[in-house]
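Report on one structure; see the data block that follows.
The structure presented is a predicted model; accordingly, all values stated were derived computationally and were not measured.
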Amino acid sequence: MDILLVASAFNSLSQRVCAELSDLGHRVDVVLAGQGPDAVRRAVRDRHPELIIAPMLKTALPTDVWQQHTCLIVHPGPPGDRGPSALDWAIAGEAAEWGVTVLQAEAAMDAGAVWASETFPVTPVGKSDLYRNEAADAALTAVHRAVRRYADGSYKPRPQSDPAIHGKVVWRDAFRQERRRIDWAADDTATVLRKLRGADSQPGVLDELLGREVFLHGGHPEDRLRGEPGELLATRAGAVCRATRDGAVWIPELRPRKNSGDRAPFRRPATHVLDPDLPERPAPLELPPDRRTWTDISYRQYGDVGFVSFSFPGGAMSTGHCRRLLAAYRYALARPTRVLVLGGRRDFFSNGIHLNVIEAAPDPAQESWTNLEAMDDLVEAVLRTTDRFVVAALGGNAAAGGAMLALAADEVWCRPGAVLNPHYRRMGLYGSEFWTYSLPRRVGAETARRLTEEARPVSAATAARTGLVDRLLPVPAQGFTAEVERLAAELAAGPDLGRRIAAKAAARRVHEEERPLAEYRKDELARMHALFFDPDAAYHALRSDFVRKVPGGAR
């Protein structure tokens with residue numbers, strides 16, 4: 001079928017719907033609703049879609065569009081749930097199970113006939129993580145079912161007047177800041193964490209810190225530091241620790257309020273926004289198993305397998321993130337292991353350089369360059385590892401330099417729900433991180449050219465077929481880490497591992513003689529330097545639009 005996606009943003013769910021429907025042979029086009037109703041009408045008129053799907057929509061479809069075409073809305077709530085803040089209410093109400101419903105567009109919001117629905121467990125993670133994983137898994141199951149039913153032509157969607165749905169109909173208003181507000185003197189740590197996690201990506205929790213109005217993004221427990229409720233206690237890797245009435249929490253990111261006068265009113269590491277005079281309390285790479293604290297990088301070892309785990313908000317890696325991760329990787333190389341796993345947590349693997357930090361920097365061109373060189377240092381260290389087998393374990397999405405970080409490993413393991421964007425074009429960049437070496441080596445020159453020029457999202461299944469991914473791990477998001485550990489132990493114990501390590505070391509020597517890695521890096525960086533330091537290069541406007549969420553901004 002010819003399918004048109006209408007989305008307020010080409011976010012992770014929209015990309016996954018696009019990629020997976022394309023895998024099934026459908027011709028899928030995308031129009032951004034933020035470009036206005038006329039842009040949606042024009043797309044419908046020009047492309048004559050057989051079906052319109054809105055996987056993520058913050059504004060209503062034009063009336064004439066849904067009256068004249070079948071339009072399916074993906075709503076992140078169970079049948080009968082209505083309103084714009086479904087996941088927020090599920091988290092606030094501590095629901096054990098929630099749902100996704102694919103319903104037909106009509107005049108009343110979320111009131112259309114139901115084409116498909118699917119339930120999912122509400123795990124104790126941030127809302128954005130839940131959205132990209134358990135909710136997205138359920139959404140894709142429901143979307144595929146709805147598309148099959150529509151294509152069959154005989155299925156009649158259930159109206160919400162159906163007794164099985166009508167008794168469950170409930171309207172929930174927008175989940176506004178007054179409901180999110182934290183009372184630091186009265187709320188216990190569990191309540192504070194629930195409020196922070198319910199707004200971790202958007203919209204954040206409005207609060208005041210050091211006399212400034214800011215939105216708090218993300219929250220993690222702290223088991224040792226204590227202070228007066230609301231007091232800032234310490235910093236760690238860009239995050240701030242704040243006392244609750246019975247404990248403390250780590251808050252990784254802040255966003256200044258738009259009317260605050262801050263020139264960079266978007267999310268970035270908390271210490272970049274506040275620059276507080278607080279002690280830095282780093283966490284050891286190898287945390288004792290009884291610790292309950294936050295760290296974005298850790299190392300653990302089980303027998304012959306070492307795990308360098310990391311998790312950065314939004315998958316973005318600043319200069320500091322890259323340098324600390326490289327230090328952790330070098331630490332892991334000094335340990336006696338045969339297999340080294342990079343990643344392995346649920347949600348984002350990496351999306352490459354940190355565009356928000358770059359945009360907020362006094363000299364964005366210089367920060368772009370510094371960040372890229374730090375990213376290149378990390379990727380090169382992985383490529384030059386020849387004394388053990390390296391696995392990149394993708395529990396979630398990877399894009400741009402983050403995708404190339406994964407491809408630097410000997411094998412890439414991936415959860416089926418992940419989406420890969422192995423390209424840089426939508427940010428106006430040529431690309432670096434040794435992509436001109438790693439990408440053609442895995443998929444061939446022609447496929448590498450197509451992936452980078454078409455700049456379309458790639459499903460995990462297609463990534464496995466083309467060679468971007470070596471192994472799919474069909475497990476739920478909450479089971480990904482355990483499955484990676486099990487398979488890594490099997491790999492380390494395999495009789496063939498020594499031969500494979502020797503073969504990869506020999507191949508690296510041959511490749512180095514044919515063309516040294518230094519030449520790939522030099523050529524890529526020359527192209528990137530020219531773009532970074534050209535004030536008229538498209539990259540600067542595209543980066544700013546993306547960071548500041550200007551409609552149509554891409555990545």
Side-chain angles (χ1 to χ4, degrees), residues 85 87-95 122-130 174-262 265-284 287-288 290-296 311-313:
S85 303
L87 277 183
D88 302 80
W89 285 103
I91 294 170
E94 300 183 80
V122 181
T123 51
V125 296
K127 179 177 67 175
S128 59
D129 184 341
L130 183 70
F175 204 89
R176 303 193 184 280
Q177 281 296 333
E178 52 264 29
R179 292 185 179 274
R180 303 184 191 277
R181 189 170 299 278
I182 295 170
D183 185 338
W184 292 94
D187 290 344
D188 61 15
T189 300
T191 301
V192 171
L193 286 172
R194 187 166 59 252
K195 291 179 177 181
L196 290 171
R197 288 171 174 167
D200 65 336
S201 176
Q202 286 294 330
V205 176
L206 183 60
D207 209 333
E208 185 175 305
L209 283 174
L210 303 183
R212 297 182 59 184
E213 281 194 311
V214 293
F215 292 88
L216 317 179
H217 290 272
H220 306 272
E222 163 58 31
D223 58 359
R224 293 184 180 176
L225 297 177
R226 297 291 182 268
E228 291 296 316
E231 179 187 3
L232 290 179
L233 305 174
T235 62
R236 176 181 296 162
V240 292
C241 185
R242 194 172 190 185
T244 65
R245 71 171 176 81
D246 62 348
V249 295
W250 289 97
I251 303 168
E253 292 189 315
L254 301 175
R255 174 170 58 91
R257 200 169 190 176
K258 276 192 176 180
N259 61 5
S260 66
D262 193 301
F266 42 80
R267 287 168 50 201
R268 52 196 199 274
T271 57
H272 288 219
V273 176
L274 290 181
D275 191 22
D277 183 17
L278 293 169
E280 176 77 4
R281 295 291 182 89
L287 275 172
D290 61 334
R291 288 299 310 274
R292 189 167 179 259
T293 189
W294 170 81
T295 180
D296 55 1
S311 179
F312 306 122

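- Listed by first and then second residue, the salt bridge (Lys or Arg N to Asp or Glu O under 4.0 Å) pairs that reach into residues 273-283 come to none, sequence neighbours excluded.
- For Leu225 against Ala234, the heavy-atom pair with the smallest separation is CD1-CB, 3.9 Å.
- For Asp262 and Arg212, the salt-bridge test passes: some basic side-chain N is under 4.0 Å from an acidic carboxylate O.
- Taking the side chain as every heavy atom from C-beta outward, Asp129 and Thr123 never approach each other to under 4.5 Å.
- Just one of Ile182, Val192, Asp188 meets the side chain to side chain contact (heavy atoms under 4.5 Å, CB included) condition when paired with Thr244; it is Val192.
- Residues Leu209 and Val273 fail the side-chain proximity criterion, which asks for heavy atoms closer than 4.5 Å.
- Atom CD of Glu208 and atom CZ of Arg257 lie 11.0 Å apart (nearest 0.5 Å).
- Considering CG of Asp187 and CZ of Arg245, their distance stands at 8.0 Å, rounded to 0.5 Å.
- For residues 223-239, the salt bridge (Lys or Arg N to Asp or Glu O under 4.0 Å) pairs, not counting sequence neighbours, are Asp223-Arg291.
- Scanning all heavy atoms of the two residues, the minimum distance from Arg242 to Asp207 falls at NH1-OD2, 3.0 Å.
- Contact check on Arg180 versus Asp88 returns a salt bridge, with a Lys/Arg side-chain nitrogen under 4.0 Å from an Asp/Glu carboxylate oxygen.
- Checked against side-chain contact (heavy atoms from CB on, under 4.5 Å), Thr271 has the following partners two or more places apart in sequence or in another chain: Thr235, Val240, Pro276.
- For the atom pair CG (Leu278) and CG (Leu210), the distance works out to 7.5 Å, reported to the nearest 0.5 Å.
- For the side-chain contact (heavy atoms from CB on, under 4.5 Å) test, residues two or more places apart in sequence or in another chain that qualify with Asp200 are Lys127, Ser128.
- Within the model, atoms CG of Asn259 and CD of Glu213 stand 6.5 Å from one another, a figure rounded to the nearest 0.5 Å.
- Atom CZ of Arg179 has 12 or fewer neighbouring heavy atoms from other residues, nucleotides or ligands inside a 6.0 Å radius.
- When all heavy atoms of Arg197 and Pro124 are compared, the pair lying nearest together is NH1-O, 3.9 Å.
- Ala185 and Pro229 make their closest contact through CA-CB, 3.9 Å (heavy atoms, listed as atom of the first residue, atom of the second, distance).
- The aromatic rings of Trp89 and Phe175 lie perpendicular to each other, with more than 60° between the two planes, well past the 30° mark.
- Shortest non-hydrogen contact noted between Trp250 and Pro221 is CD1-O, 3.9 Å.
- Summarising the geometry, atom OG1 belonging to Thr189 is positioned 10.5 Å from atom CG belonging to Leu196; distances are rounded to the nearest 0.5 Å.
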Applying side chain to side chain contact (heavy atoms under 4.5 Å, CB included) to Arg267 and Ser201, what does each step give before you reach the verdict? CA-CA 9 Å; Arg267 287 168 50 201; Ser201 176; 3.4 Å; yes
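- Atom CZ of Arg268 is separated from atom NE2 of His217 by 11.0 Å, given to the nearest 0.5 angstrom.
- Annotation: ring-ring contact (aromatic ring centres under 6.0 Å, His included) contacts of Phe266 (sequence neighbours excluded): none.
- Remark: Ala186 engages Asp183 in a side-chain contact (heavy atoms from CB on, under 4.5 Å) (not counting sequence neighbours).
- Under the 3.5 Å distance criterion, the side-chain polar atoms of Gln177 are matched with a main-chain donor or acceptor of Leu206.
- Closest approach of Cys241 to Ala248, counting heavy atoms only: SG-CB, 3.8 Å.
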